[in-house]
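These notes are about the structure you will find just below.
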Amino acid sequence: MIGTIQIPRIGVKVPIVDKVTPNSIAAAVGLLYGPGLNLPGNNVLVAHNYRNGTFFSNNKKLEEGDKIYVTDLEG
């Protein structure tokens, strides 16, 4: 685990891991590539879009201005 992602509007709070494999993204959000969490530049996070409301399945309910918090292990 390298951090967490929290999206309050849709009830997401899950760990972020540094590997993207079928097993890792079944249980967490994966960092596909980028400089690292909370570092300048673009990071690509990967997660499932399950029908049961977990992970990124409710992203369609997000609106402009909704907060997304990415926290690394240093807080």
Exercise. Any donor and acceptor pair, going by atom type alone, linking the side chain of D72 with main-chain N or O of N38 inside 3.5 Å?
Worked result: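 No.
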Problem set entry | Minimum-distance pair of heavy atoms, taken over all atoms of G41 and P35 |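 It is CA-CG, 4.1 Å.
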Exercise. A28 and P15: which non-hydrogen atoms are nearest, and at how many Å?
Worked result: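 Minimum heavy-atom separation between A28 and P15: CB-O, 3.4 Å.
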Exercise. How far apart are the C-alpha atoms of L31 and V17, what are their side-chain angles, what is the distance that settles it, and do they pass the side chain to side chain contact (heavy atoms under 4.5 Å, CB included) test?
Worked result: CA-CA 6 Å; L31 176 64; V17 296; over 6 Å; no
Exercise. How is the hydrophobic cluster of Y69 composed, in terms of its other members, when Ile, Leu, Val, Met, Phe, Trp and Tyr link through side-chain heavy atoms under 4.5 Å apart, directly or indirectly?
Worked result: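 Joined to Y69, directly or through intermediates: none.
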Exercise. When F56 is tested against each of V14, I10, V29 for side chain to side chain contact (heavy atoms under 4.5 Å, CB included), which residue passes?
Worked result: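 One option only clears the test, and that one is V29.
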Would a single hydrophobic cluster contain both [Y] and [X], if residues Ile, Leu, Val, Met, Phe, Trp and Tyr are joined by side-chain heavy-atom contacts under 4.5 Å?
{"X": "L39", "Y": "L73", "value": "no"}
{"X": "V46", "Y": "V70", "value": "no"}
{"X": "L32", "Y": "I5", "value": "no"}

Problem set entry | CA sep, side-chain torsions, deciding dist, call: Q6, V12, side chain to side chain contact (heavy atoms under 4.5 Å, CB included) | CA-CA 5 Å; Q6 183 176 5; V12 167; over 6 Å; no
Problem set entry | Reported NZ-to-OG1 distance for the pair K13 and T4, which is rounded to 0.5 angstrom |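 One gets 6.0 Å once the value is rounded to the nearest 0.5 Å.
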Problem set entry | Those residues that, when tested against D66, pass side-chain hydrogen bond (donor to acceptor under 3.5 Å, both in side chains) (two or more places apart) |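 Per chain and number, D66 pairs via side-chain hydrogen bond (donor to acceptor under 3.5 Å, both in side chains) with R9.
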Exercise. Can you name the side-chain hydrogen bond (donor to acceptor under 3.5 Å, both in side chains) partners of T71, sequence neighbours left out?
Worked result: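 Expected list: none.
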Exercise. Less than 4.5 Å apart, any side-chain heavy atom of L37 and any of I16?
Worked result: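 Side chain of L37 against side chain of I16, heavy atoms only: contact under 4.5 Å found.
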